[in-house]
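Below, each value reflects all heavy atoms present in this structure, side chains not excepted, and no hydrogens, waters or symmetry copies. If you're wondering where the values come from, they're calculated on a predicted model, not measured in any experiment. Convention: sequence-line order gives letters A, B, ...; per-chain numbering from 1.
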There are 2 protein chains.
Amino acid sequence: MMKNKLMNRKHVIEVAAILFLEKGFAYTSMDELVRVSKVSKSNVYYHFSNKEELLEAVVDYWIAKYHFAIEEVINQQQLSVEQRVTMFLMQLAQGVQVREFKGSCPFITLAIQSPAQATQLKERIGLFFAELQSKVSLLIAQGVERGEFRKAIQPEEIASLFITNLEGALFIAETQKDATIITKTAQQFMKLLH
Amino acid sequence: MMKNKLMNRKHVIEVAAILFLEKGFAYTSMDELVRVSKVSKSNVYYHFSNKEELLEAVVDYWIAKYHFAIEEVINQQQLSVEQRVTMFLMQLAQGVQVREFKGSCPFITLAIQSPAQATQLKERIGLFFAELQSKVSLLIAQGVERGEFRKAIQPEEIASLFITNLEGALFIAETQKDATIITKTAQQFMKLLH
DNA sequence: CATATTTAGTACTATATAGTACTAATAGAT
DNA sequence: ATCTATTAGTACTATATAGTACTAAATATG
């Protein structure tokens, strides 16, 4: 059954990653995780000494997943900035729909649901957004260089705006149960940069 | 002690409104609410048959509070649209700081933390944003009429963008513990409309 | 093969906490 | 003055659930 070491660990994280978003961290019991993942409780606690440690692993999982997805689209230099952004947002919108409009932004959703003492976790999420900011800045700068956006555009400031806009779109999509708003608002936004 | 009927009810809602945002709905016990509010447990349950009913009252409280604050700034017709928007955002930013960067947007924060079965509550919050959207549309349209924004601006679409941007700014402010981003991004945003 | 790591299973404990049941006092309204 | 609505207090129950303790088996690794 066990193909390779730590297979259960990874599986538990993946199941928890979905459950924590769809049902909420506080509303997901370890017993339910055991039931859904089909991994024994003793083994779950063998890998994670408590629920909060599992939550940290879940946050790391989402960060790694997003980092990977972001790098993948950014590196497709043959595409326009607008095309790459749209591609990425379509992935996000799909994820939101798959999760039935729950946990549209995994990071802020988990940060909000985490217990007050989980400061470490919140810092890591803060760092993620700081890194995202610089990546988007470079992308916007590239858009300006390539003539996609007008010259007056300040990459840093517009990157900040882009991210806040995206985050808001994710949560509004959640409340309105409409994932199209994610790509639509970004399209509108980029129109303002032409 | 009791000045007027239902004084405790109101007081409990106000205390819960803060506790639910600062500590989280799931992490706020009814015992703590009793301790902080200094209202007896029996009386709390006299007014609210369970915790979820209290949560609904809290959401209604925030909706009423925001509606009032929004109407108040919108109606100051002698001010420019930009001035009114900035005024309102400064109020929001102050609230975020007072709550120490917790629950920057009360509605989405509470919606995310509410139990899965609280569908009613989520619908009410969805409605709030729909109403907000039409109010902001009118305001943007006024900005175009008055020549503050360029003529090509489409009020509906830009209102949607403005709201997503604001929501995102609130949550990014929370993760970065920096409230200035709320007014800054809005300023940047409105620059794009000139 | 021998040893360490990973896994399952079962039963259990401890604790937090939502909610109840009662009595009795106080305030408001008519 | 009387009746109803609101309040406090105290003690209690029921339950969910995080985490533990143990045994034993299966798998990986050197």
**Prompt:** Can you tell me how far CD of B/Gln120 sits from CG of B/Leu55, rounded to the nearest 0.5 angstrom?
**Reply:** 11.0 Å
**Request:** Would you give the length of the straight line joining atom CD of A/Glu123 to atom OG1 of B/Thr175, rounded to the nearest 0.5 angstrom?
**Result:**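 So the gap between those two atoms works out to 11.5 Å.
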[N] [atom2] sits how many Å from [X] [atom1], rounded?
X       : N      : atom1 : atom2 : value
A/Asp31 : C/dG9  : CG    : C1'   : 13 Å
A/Asn50 : C/dA14 : CG    : P     : 19 Å
A/Phe48 : C/dT7  : CZ    : P     : 10 Å
A/Lys23 : D/dT17 : NZ    : C1'   : 13 Å
B/Tyr45 : D/dT10 : OH    : C1'   : 16 Å
B/Lys38 : D/dG9  : NZ    : P     : 12 Å
A/Tyr46 : C/dG9  : OH    : P     : 17 Å
A/Met30 : C/dA11 : CE    : P     : 21 Å

**Message:** What's B/Ser42 touching, base or sugar-phosphate or nothing? Going by heavy atoms closer than 4.0 Å.
**Reply:**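 Base, at least one base atom sits under 4.0 Å.
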**Message:** When you compare the side chains of A/Gln76 and A/Gln83, does any donor N or O come within less than 3.5 Å of an acceptor on the partner?
**Reply:** no
**Asked** Nearest of D/dG19, D/dA8, C/dA18 to any side-chain atom of B/Asn43?
**Response** D/dA8
**Item:** Options C/dT7, C/dA18, D/dA8, nucleotide nearest the side-chain atoms of A/Ser40
**Value:** C/dT7
**Quiz item: B/Lys41 side-chain donor-acceptor pair to C/dG19 base, under 3.5 Å** = yes
**Prompt:** Taking only side-chain nitrogens and oxygens of A/Asn8, does any of them come within less than 4.0 Å of OP1 or OP2 of C/dT6?
**Reply:**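 Answer no for this pair, as no side-chain N or O of A/Asn8 is under 4.0 Å from OP1 or OP2.
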**Any A/His47 side-chain nitrogen or oxygen under 4.0 Å from OP1 or OP2 of C/dT5** =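 A/His47 to C/dT5 OP1/OP2: no side-chain N or O under 4.0 Å.
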**Asked** Checking salt bridge (charged side-chain N to carboxylate O under 4.0 Å, His left out) for the pair A/Glu32/A/Lys23: CA distance, chi angles, key distance, verdict?
**Response** CA-CA 11 Å; A/Glu32 180 170 9; A/Lys23 304 214 23 165; 3.3 Å; yes
**Request:** Apply the test salt bridge (charged side-chain N to carboxylate O under 4.0 Å, His left out) to residues A/Glu71 and A/Lys135: give CA-CA distance (whole Å), side-chain angles for both, the deciding distance (0.1 Å), then the verdict.
**Result:** CA-CA 9 Å; A/Glu71 287 302 322; A/Lys135 282 181 190 170; 3.1 Å; yes
